[in-house]
Amino acid sequence: MYNFKEIEKKWQEYWEDNESFKVDNDKTKKPYYILVEFPYPSGSGLHVGHIRSYTAQDAIARLKRMQGYNVLYPMGWDAFGAPAEQYAIKNHIHPKDAVKENIKTFKGQMKSLGFSFDWSREFSTTDPEYYKWTQWQFLQFYKHNMAYKDTVPVNWCPNCKTVLSNEDAAGGVCERCGAVVIQKEKSQWMLRMSDYAEELLKGLDDTNFADKVKLGQINWIGKSTGVEVDVELSCGGKFSIFTTCIETIYGITFFVLAPDGKLVKELMPKIENKEEVLAYIEETSKKSNMDRTELNKGKTGVEIKGITAYNPVNGKEVPIYLGDFVLGSYGTGAVMAVPAHDQRDYEYAKEHNLEIIEVITGGNLQEKAYEKYDYLENKDAKLINSEEFSGLSVMDAKKKITDMLVEKGIGRVVNNYKMRDWIFSRQRFWGEPIPMVYCEKCGWVPMDEKDLPLLLPDVAEYEPTDNGESPLAKITDWVNTTCPKCGGNAKRETDTMPNWAGSSWYFLRFMDPHNDKEFASMEAMKYWNKVDWYNGGMEHTARHLLYARFWVQFLYNIGLVPNKEMIWTRVSHGMILGENGEKMSKSKGNVVNPDDIVKEYGADALRTYEMFIGDYEKDAAWSENGLKGCKKFLDRVYRLGTKLNGKSEYSREVEILINQTIKKVSEDLLSIKYNTAVSALMILLNELEKLESISNKDYRTLLHLLNPIAPHITEELNEKYKLGDMLFKSSFPVYDKNKIMDEEYELVVQVNGKVRGKVVVDLNTSEEDMKKIAREIENVKNYIAGKTIVKEIVVPKKLVNIVVK
RNA sequence: GCGGGUAUGGCGGAACUGGCAGACGCGCUAGUCUUAGGAACUAGUUCUUCGGAGUGCAGGUUCAAUUCCUGUUACCCGCACCA
């Protein structure tokens with residue numbers, strides 16, 4: 001048992017006093033930027049899950065430093081957001097005080113784990129010096145017409161009287177009180193993220209994100225290509241529909257409009273059954289998103305009476321319906337209904353007794369619609385009931401009908417994206433104030449940049465107001481201001497920015513964190529170039545990453561950052577589950593507190609265990625016994641020091657193994673295979689323990705290789721036995737290419753694919769000799785005796801397989 | 001429903017480009033040392049009727065398959081009436 005308490009404290013103090021991990025933007029050295037998602041400093045302290053990714057990235061940071069890179073490994077705090085506000089409401093303290101406390105706890109915990117962060121670059125998104133630039137960037141969005149105010153439906157909890165984010169309204173109920181969430185229209189600031197949909201897709205080619213991360217982004221953007229077609233109305237005027245199945249256009253038997261769309265509002269004066277229609281719209285708005293999807297299996301809706309529409313290809317007059325399965329926010333908010341070939345339309349038609357016209361052969365319309373997934377697979381599927389297109393194959397018809405519509409000027413090939421514009425307003429206190437002012441005369445006016453930051457006021461009440469306004473709305477002397485344009489009376493925007501804002505560009509700030517002239521200098525950003533390696537939870541790979549990429553692409557387009565993509569590799573780690581295999585939670589009582597572990601086993605043991613626990617990208621269940629095993633490993637490393645013989649070369653018996661281990665550890669760490677890197681070190685230790693004595697070089701190399709994962713104990717032992725310069729300041733071991741293969745190897749001999757013998761042979765044994773040796777093994781002889789050798793397969797330096805009959 | 005992932009001993013998990021399945025660790029068993037053991041060390045540990053069998057299941061390709069192909073089942077994650 002080594003005294004980890006003393007050792008870990010000693011080295012942590014050394015690193016801190018000497019600012020060992022502080023980096024300058026040193027142009028003479030090659031940069032390497034390693035990033036972990038900065039945490040939200042919650043009241044419950046660091047989670048063992050944080051430690052997994054911080055250790056993994058720390059190991060890479062330490063390795064890269066020893067390999068001569070100028071490594072930036074920063075840490076900061078993403079401290080705006082609802083939990084701090086909740087806490088403040090309950091306890092009547094200012095969120096900034098709660099955040100300060102929590103940051104102190106987090107920072108202390110991080111230091112106790114020996115992470116090599118450059119603390120000189122630390123900041124919090126809640127620092128006015130930081131959010132000044134978040135606000136400044138919002139103004140750039142506004143000035144480039146990328147921010148606008150619009151009325152959109154939002155999640156509204158009628159009980160808490162507040163707007164909820166989609167996350168807070170998961171499952172259609174309010175996360176706080178459990179009440180059913182309804183949709184309510186509110187005027188919100190929006191960012192034109194949908195303008196960037198195509199660029200965000202293309203940009204993925206300039207990244208090295210893991211495939212599943214790229215796929216997450218692609219799915220979220222949700223591109224689909226189809227045709228937008230104009231449809232004439234009986235009352236005059238027209239509207240458009242979007243479809244990806246233009247080949248079914250002759251099958252239209254009705255149209256359906258979104259109840260929450262703009263079109264139905266425009267048509268309202270001409271609708272005969274207004275009351276019925278309005279009632280349906282009202283009913284829809286009361287349903288949550290979930291009601292409209294999963295829970296609501298039936299296809300509700302009403303016919304719009306007094307107006308009909310004409311099929312654009314054959315002029316057939318069909319009715320128009322309202323149905324909540326059509327979303328106002330996707331496509332044009334209106335669909336052509338082809339019940340024969342779309343299951344939703346089919347169900348709707350059955351429920352409302354509407355006509356079904358088959359236009360593609362091969363389905364059984366008695367049972368269900370014959371949908372594109374099926375007919376596209378069916379090579380024999382042909383169009384019918386489609387005038388001159390009848391008889392064509394689906395793919396031909398798709399093209400010819402599209403061409404015809406385009407030619408006539410009533411159709412356009414368009415792309416649609418599921419990704420919407422970014423709703424950027426929150427009716428919350430604890431967020432960046434949006435630096436906009438409303439003037440009766442001038443409308444919305446941006447604040448003057450030189451007046452930033454717009455500080456959050458110090459108040460004692462953070463409760464949302466009854467009408468859903470931000471608590472800021474109640475602070476009249478903050479709200480009332482003068483118009484930056486005309487100088488007249490004006491009011492500030494009282495909504496704040498979403499939590500995602502500050503985290504969309506923090507990685508740029510780390511490159512130049514103390515700059516008070518700009519958010520980061522172009523020079524600094526050019527030097528660091530990109531985040532080489534970004535790690536975070538899978539839960540953030542879709543949204544946070546998309547927001548951050550959008551933000552960066554915008555800044556790039558207005559010339560403020562050097563690259564269109566500022567993140568190169570993105571890796572995500574699996575969760576650490578409780579010992580019972582379930583997600584850690586207080587209610588389940590399976591939470592592991594890292595402080596307790598550090599106290600009882602030491603930081604190095606915890607770090608080593610979390611690297612060893614399993615495949616980094618997969619979830620893993622905590623195991624106290626597993627942790628003990630790693631502690632035991634470190635104890636053995638410690639005791640091994642008593643076997644030193646003072647020699648300065650590798651011991652002959654382990655020379656090959658050491659070279660192999662150097663290769664394995666350096667390669668595994670950089671290919672996110674931390675668990676096998678640790679196991680390679682365990683193997684090396686096992687072998688070293690078998691020797692009578694070990695050389696100083698053997699030992700120092702073992703310590704060096706283990707140093708990125710367990711930095712305290714290794715540094716201590718290196719010093720204790722005076723093995724050389726401090727490990728973190730010296731070059732990481734390099735393997736000798738000529739010494740990773742033994743002079744001999746074990747030749748495996750198979751008969752008919754089954755192992756029947758093994759023999760140690762010289763590395764340079766020829767293929768002929770391999771065969772000869774193989775046939776001479778006693779056991780092999782037994783299996784080939786009396787049989788004919790059909791074939792002999794030789795894999796050089798590995799095996800011989802004798803095929804007999 | 002769509003998209004993706006996973007499946008290997010009692011457990012966590014290894015296995016490069018198709019070439020010895022079960023590395024490494026945990027647990028377990030026996031032993032050594034000890035006043036003691038929830039310490040340390042040593043040996044063993046997939047199953048087995050000792051012929052073999054074996055990487056969720058059923059097939060296929062191959063001299064050879066955890067690895068490639070086809071089908072299938074279970075579980076996990078993401079999105080979800082996206083026209």
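Residue numbers begin at 1 in each chain, while the letters A, B, ... track the order of the sequences. Because the structure is a prediction, the values reported are computed rather than measured.
Of all nucleotides listed (G19(B), A83(B), G52(B)), G19(B) comes nearest to the side chain of Val795(A). When distances are taken from the side chain of Tyr330(A) to each of C63(B), A83(B), A23(B), the shortest belongs to A83(B). Comparing G52(B), C24(B), A83(B) against the side chain of Phe242(A) picks out A83(B) as the nearest. When each of G27(B), A83(B), A7(B) is scored by its nearest atom to the side-chain atoms of Asn625(A), the top-ranked nucleotide is G27(B). Considering only the side chain of Lys299(A), C81(B) comes nearest among C82(B), A83(B), C81(B). Here the side chain of Lys618(A) is nearest to one of A7(B), C81(B), C20(B), namely A7(B). Distance from the side chain of Val755(A) is smallest for A21(B) among the nucleotides A21(B), G52(B), G19(B).
Contacts between residues 210-221 of chain A and RNA chain B, defined by a heavy-atom separation below 4.0 Å, involve Leu215(A), Asn219(A), Trp220(A), listed by number.
On the C1' atoms, U55(B) is 7 Å away from A21(B), given to the nearest whole Å. Taking atom P on both nucleotides, U8(B) is separated from U67(B) by 14 Å, rounded to a whole Å. The same atom, P, is picked in G51(B) and in C28(B); the two are 33 Å apart, to the nearest Å. For the P atoms, the distance linking A53(B) with G78(B) amounts to 43 Å, nearest Å. Going from the P atom of G44(B) to that of G37(B) covers 24 Å, rounded to whole Å. Taking atom C1' on both A36(B) and A40(B), the two are 14 Å apart, rounded to the nearest angstrom. Across G9(B) and C57(B), the matching P atoms stand 9 Å from one another, rounded to whole Å. Across the C1' atoms, A7(B) and A30(B) are found 34 Å apart, a figure rounded to whole Å.
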Checklist entry - Do Gln343(A) and Tyr373(A) pass the side-chain hydrogen bond (donor to acceptor under 3.5 Å, both in side chains) test, and can you show the C-alpha distance, the side-chain angles, and the key distance before you say yes or no? => result CA-CA 11 Å; Gln343(A) 189 59 24; Tyr373(A) 303 102; over 6 Å; no
Next on the checklist: Run Tyr321(A) and Phe255(A) through ring pair (Phe, Tyr, Trp, His ring centres under 6.0 Å) and show every step you take.
Outcome noted: CA-CA 6 Å; Tyr321(A) 280 75; Phe255(A) 289 95; over 10 Å; no
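When heavy atoms are screened at a 4.0 angstrom cut-off, Asn416(A) is found touching no nucleic acid atom at all. Using a 4.0 Å heavy-atom cutoff across all strands shown, Phe254(A) reaches no nucleic acid atom at all. Residue contacts shown for Val803(A) are limited to sugar-phosphate atoms, with no base heavy atom under 4.0 Å away. Ile793(A) comes within contact range of at least one nucleobase, with a heavy-atom separation under 4.0 Å.
Contact check, Ser679(A) against G13(B): no side-chain N or O comes under 4.0 Å of OP1 or OP2. The side chain of Arg344(A) places an N or O atom within less than 4.0 Å of a non-bridging phosphate oxygen (OP1 or OP2) of C82(B). In this model, the phosphate group of G13(B) is not approached by any side-chain N or O of Tyr609(A) to a distance below 4.0 Å at OP1 or OP2. A close approach under 4.0 Å does occur between a side-chain nitrogen or oxygen of Lys673(A) and OP1 or OP2 of A15(B). For Arg420(A), no side-chain nitrogen or oxygen approaches OP1 or OP2 of C82(B) to under 4.0 Å. For the OP1/OP2 pair of C26(B) and a distance below 4.0 Å, the side-chain nitrogens and oxygens of Lys632(A) include at least one atom meeting the criterion. In terms of phosphate contacts, Lys628(A) brings no side-chain nitrogen or oxygen within less than 4.0 Å of OP1 or OP2 of G27(B).
Shown here, G10(B) is classed anti by the O4'-C1'-N9-C4 or O4'-C1'-N1-C2 angle, which is more than 90° from 0.
When the shell of 6.0 Å around CG of Asp211(A) is examined, it contains 12 or fewer heavy atoms from other residues, nucleotides or ligands.
Residues satisfying the side-chain contact (heavy atoms from CB on, under 4.5 Å) test with Val759(A), not counting sequence neighbours, are Leu747(A), Val761(A), Ile773(A), Ile777(A).
Taking 3.5 Å as the limit, the base of C20(B) and the side chain of Lys758(A) contain a donor-acceptor pair of atoms between them. A donor-acceptor contact under 3.5 Å links the side chain of Asn801(A) to the base of C63(B). Residue side chain Lys798(A) does not reach the base of C20(B) through any donor-acceptor N/O pair under 3.5 Å, judged by distance alone.
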Next on the checklist: What does the 5'-to-3' dot-bracket notation of RNA chain B look like when only Watson-Crick and G-U wobble pairs under 3.5 Å count, and pairs to other strands show as |?
Outcome noted: (((((((..(((......[....)))((((((.......))))))((....))..(((((..]....))))))))))))....
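With hydrogens and angles ignored, the 3.5 Å screen pairs no side-chain donor or acceptor of Glu371(A) with any backbone N or O of Asp342(A).
Classified by interplanar angle (parallel below 30°, tilted 30° to 60°, perpendicular above 60°), the ring pair Phe242(A)/Tyr330(A) is perpendicular. The aromatic rings of Tyr2(A) and Phe4(A) lie perpendicular to each other, with more than 60° between the two planes, well past the 30° mark. Below 30°, between 30° and 60°, or above 60°: for His540(A) and Trp500(A) the angle between ring planes is above 60°, a perpendicular geometry.
A side-chain N or O of Arg636(A) and one of Asn686(A) form a donor-acceptor pair less than 3.5 Å apart.
Tested against Tyr674(A) for a ring pair (Phe, Tyr, Trp, His ring centres under 6.0 Å), the candidates Tyr609(A), Phe612(A), Tyr616(A) yield a single pass: Tyr616(A).
The residues Lys628(A) and Glu624(A) are annotated as not salt-bridged, no charged nitrogen and carboxylate oxygen being separated by less than 4.0 angstrom.
To the nearest angstrom, P of C20(B) lies 13 Å from CE of Met770(A).
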